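All remarks here apply to the structure that follows.
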Amino acid sequence: MALLTLARRLQRSHQVPLLPTLLHSTTHSHQLHSFSLEFHRTLSIPSQHPHFTSKFSTLHFFSTPTLNDPFALAPPITRTRDPQEPVLLATLKRVAHVESEAQVLACLDESCINANADLVYSVIWELRSVWRLAYLVFNWGQKWGCVDEKICELMLWVLGGCRKFNIAWCLIRDMYKSSINTRRAMLVMIDRYAAANDPGKAVWTFHVMEKFRITPDEEAFIFLLNSLCEHGNIEEAEEFMFLNKNLFPLETEGFNIILNGWCNIFVDVFEAKRIWREMSKCCITPNATSYTHMISCFSKVGNLFDSLRLYDEMKKRGWVPGLKVYNSLIYVLTCENCFKEALKMLEKMKAMDLQPDSATYNSMILPLCEAKRLEEARNILATMTAENHSPTIETYHAFLEGVGYEGTIEVLNRMRIAGLSPNEDTFVLILGKFFKLEQPENALKIWTEMKQYEVVPCSTHYRVLVEGLASCGLLMKAKEYYAEMKSFGFLDDPKIKKLLNEPVQGKKDKQNQQVGKVKGDRGVKLWKGKMRWIKNRRQSRKRKTN
């Protein structure tokens, strides 16, 4: 009750919620120097689990585009890495521009590389952003009879990710003719259509399953809903669920998928509340997962009052709040400058034998870093490591927000020392930050640093780089990198092409807007001055008449 009272007071004091943002401006130079020293000191604490990684399970605020993996498509690190892989990749790079597939396959045969399933799988994974080379490796594996069902699914995933759906369907038909089970392959296609923002084709694929003698059962139905929502097609998922309620009766699980979409994918409180009311209209009782989603949504937009209200209601209905609920509450309390209460909530968790995890500490570190309260964030980091909870990539991402170039390099080195090498998302975050700060020279330095961390630029990196350079007026440099992007087989981006063709006009428009604003301000000042002159003149006339 005390927390609810506090929440009401905060709600009255400021109606605008503290929305989490991804990038902020850098701090002053003396703060950066202090941060670098303290960060070095804090992360020098030994950890028992240097290679432990975990997702920031409750608060996905670093949701830059990543490779989705809903089919347990294991990255090659979980399979035996073949020592021939570097040789095969080097050979492919050498023959990448050869147009004839037969010539490429002949070159691969001449390289004396022994094809096997693990090698084919891992190389396709490495080439997942360059579909043509990945498909050549797939065909080479087929030639030597070492392509299994998992490799087919991965190849479909790669083709769908690059929007080569016609080739993907040819592969599915070949699988069907060869009596290979195509059920999971169809699920891959559903997911790839959803990822390509084509929900209609995803639904169509669900219905087409029958033509391949596969029953679109409840499991496939739930999978379709999940895929649509995960990729932002939440309205289509909701419509599909209601249209098929005769075949698949409305249940809590289906509503929770839609609720998760609005609460955690879009973070749309209005739509989340609407779905909550729909559940009541359809006589669907919310369960612990439903409350967890809603509390997560309210916490992300800084709504402390409703987060605590649902927390109390959840307990009254007999549902035991889990770790995700407490992580959400700790986050929103920290966001709303109730850091002491957040620490009390942490102690309450421990008293209930609910052990905090890395995400719990991240839920305090992230808002503290965003508020530039670095000293308190470092203290939480020290506590986190002292209790044998290793920092995650999200922990380092939080600290990356408030540092300049030197501080960024320091954090990247600390990540590598901790066994958490910077990944693709890390560099997307850093590039975006420097371009937002209008520091293209630092962004280009980071681009060269990526190679040292063995991060291969993907289409997202190129988009951020090219758009950033163009927005900073470096048009020629942007065109160079855009040409390089296309040379690697990445798809054309209409938005980038338009930006590269019309950067000057955009600048003129901006200048005209600024000039117009100045003129407008000057006009207002003149008008106000004139009104004061008229007012003073009237008053002087009154005095004279009296």
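We number each residue from 1, following the sequence as shown. Because the structure is a prediction, the values reported are computed rather than measured.
- Under 4.0 Å is where a charged nitrogen must lie from a carboxylate oxygen, and between E149 and R183 no such pair does.
- Heavy atoms only, all atoms of each residue included: I258 and E238 are closest at CD1-N, 3.7 Å.
- Taken from CD in E253 to CG in N226, the straight-line distance is 8.0 Å, to the nearest 0.5 Å.
- Checked against the 6.0 Å centroid threshold, Y462 and F490 count as a close aromatic pair.
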- request: Apply side chain to side chain donor-acceptor pair (under 3.5 Å) to S296 and N264, showing your working.
  value: CA-CA 7 Å; S296 172; N264 297 312; 2.8 Å; yes
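- For the residue pair I365 and A377, the shortest heavy atom distance occurs at CG1-O, 4.0 Å.
- Nearest heavy-atom pair, P216 versus E210, reported as atom, atom and distance to 0.1 Å: CD-CG, 3.5 Å.
- Side-chain atoms of Y482 come within 3.5 Å of backbone atoms of D493 as a donor-acceptor pair (strictly under, hydrogens ignored).
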- Message: Run F223 and F206 through ring pair (Phe, Tyr, Trp, His ring centres under 6.0 Å) and show every step you take.
- Response: CA-CA 10 Å; F223 181 87; F206 176 82; over 10 Å; no
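- Counting only heavy atoms from C-beta outward, the side chains of V269 and N303 never approach each other to under 4.5 Å.
- Salt-bridge check for K324 with D357: failed, with every basic side-chain N at 4.0 Å or more from each acidic carboxylate O.
- A salt bridge does not link K372 to E401: none of the charged side-chain nitrogens sits closer than 4.0 Å to a carboxylate oxygen.
- Nearest heavy-atom pair across D191 and S227 is OD1-OG, 3.6 Å.
- Within a 6.0 Å sphere centred on CD of E278, heavy atoms belonging to other residues, nucleotides or ligands number more than 12.
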Q. Does the pair S363 and N327 meet the rule for a side chain to side chain donor-acceptor pair (under 3.5 Å), with working shown?
A. CA-CA 6 Å; S363 63; N327 289 350; 4.8 Å; no
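- Using a cut-off of 4.0 Å between Lys/Arg side-chain N and Asp/Glu carboxylate O, E347 and K344 are scored as not salt-bridged.
- For D492, the CG atom counts as densely surrounded, since its 6.0 Å shell holds more than 12 non-hydrogen atoms of other residues, nucleotides or ligands.
- Using a 4.5 Å cut-off on side-chain heavy atoms (C-beta onward), W262 and C297 make no contact.
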Q. Going through the checks in order, is the side chain to side chain contact (heavy atoms under 4.5 Å, CB included) test met by I330 and M349?
A. CA-CA 10 Å; I330 287 171; M349 286 173 56; 3.6 Å; yes
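- Salt-bridge check for R378 with E375: passed, with a basic side-chain N closer than 4.0 Å to an acidic carboxylate O.
- To the nearest 0.5 angstrom, K273 atom NZ is 13.0 Å from L259 atom CG.
- M364 contributes atom CE, which lies 4.0 Å from atom CD1 of I380 (distance to the nearest 0.5 angstrom).
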- Using the side chain to side chain contact (heavy atoms under 4.5 Å, CB included) rule, take Y453 and N423 through it: C-alpha gap first, then chi angles, then the decisive distance, then the call. CA-CA 8 Å; Y453 294 94; N423 60 16; over 6 Å; no
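- More than 12 non-hydrogen atoms from other residues, nucleotides or ligands lie less than 6.0 angstrom from CZ of R373.
- Between S328 and I295, the shortest heavy-atom contact is CB-CG2, 4.0 Å.
- Dense packing is recorded around NZ of K315, with more than 12 heavy atoms of other residues, nucleotides or ligands lying under 6.0 Å away.
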- [ ] Check the pair E424, T460 against side chain to side chain contact (heavy atoms under 4.5 Å, CB included), reporting the backbone distance first and the verdict last.
- [x] CA-CA 9 Å; E424 294 177 349; T460 305; over 6 Å; no
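- Taking 4.5 Å as the limit, some side-chain heavy atom of C369 sits within range of a side-chain heavy atom of F399.
- Using a 4.5 Å cut-off on side-chain heavy atoms (C-beta onward), P199 and Y193 make no contact.
- By the 30° and 60° cut-offs, the orientation of the rings of H389 relative to Y361 is tilted.
- Distance CD/E219 to CG/L187: 7.5 Å, rounded to 0.5 Å.
- Formation of a donor-acceptor pair under 3.5 Å by the T334 side chain with backbone atoms of F339 is not found in this model.
- In this pair, W447 and H461 present their aromatic rings perpendicular. The plane angle is above 60°, beyond the 30 to 60° band.
- With hydrogens and angles ignored, the 3.5 Å screen pairs no side-chain donor or acceptor of N244 with any backbone N or O of L247.
- At distances below 3.5 Å, not a single donor-acceptor pair connects side-chain atoms of S280 with backbone N or O atoms of W276.
- Between the N260 side chain and the N256 main chain, no donor and acceptor come within less than 3.5 Å of each other.
- Note that CD of E341 and CG of L329 are 12.5 Å apart. Values are rounded to the nearest 0.5 Å.
- At least one donor-acceptor pair closer than 3.5 Å links the side chain of K433 to the backbone N or O of L400.
- Residues Y311 and Y326 place their aromatic rings such that the two centres sit under 6.0 Å apart.
- A centroid separation of 6.0 Å or more is found between the aromatic rings of F305 and F298.
- Considering only heavy atoms from C-beta on, K495 stays 4.5 Å or farther from R463 through its side chain.
- Side-chain atoms of F427 and V464, non-hydrogen and from C-beta on, never get closer than 4.5 Å to each other.
- Judged by distance alone, the side chain of R309 and the main-chain N or O of D306 form no donor-acceptor pair under 3.5 Å.
- Between E313 and K316, every side-chain heavy-atom pair lies at or beyond the 4.5 Å cut-off.
- Side-chain contact annotation: N287 with T252, donor-acceptor N/O pair under 3.5 Å absent.
- Taking CZ of R184 as the start and SG of C152 as the end, the distance is 12.0 Å to the nearest 0.5 Å.
- Side chain of N233 to main chain of E236: no donor-acceptor pair is present (N/O by atom type, distance under 3.5 Å, no hydrogens or angles).
- A pairwise comparison of heavy atoms in L469 and Y481 identifies CD1-CD1, 3.7 Å as the closest pair.
- Using a 4.5 Å heavy-atom threshold, the side chains of R128 and L154 count as separate.
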Apply side chain to side chain contact (heavy atoms under 4.5 Å, CB included) to residues L465 and F435 and explain how you reach the verdict.
CA-CA 8 Å; L465 181 68; F435 281 124; 3.9 Å; yes
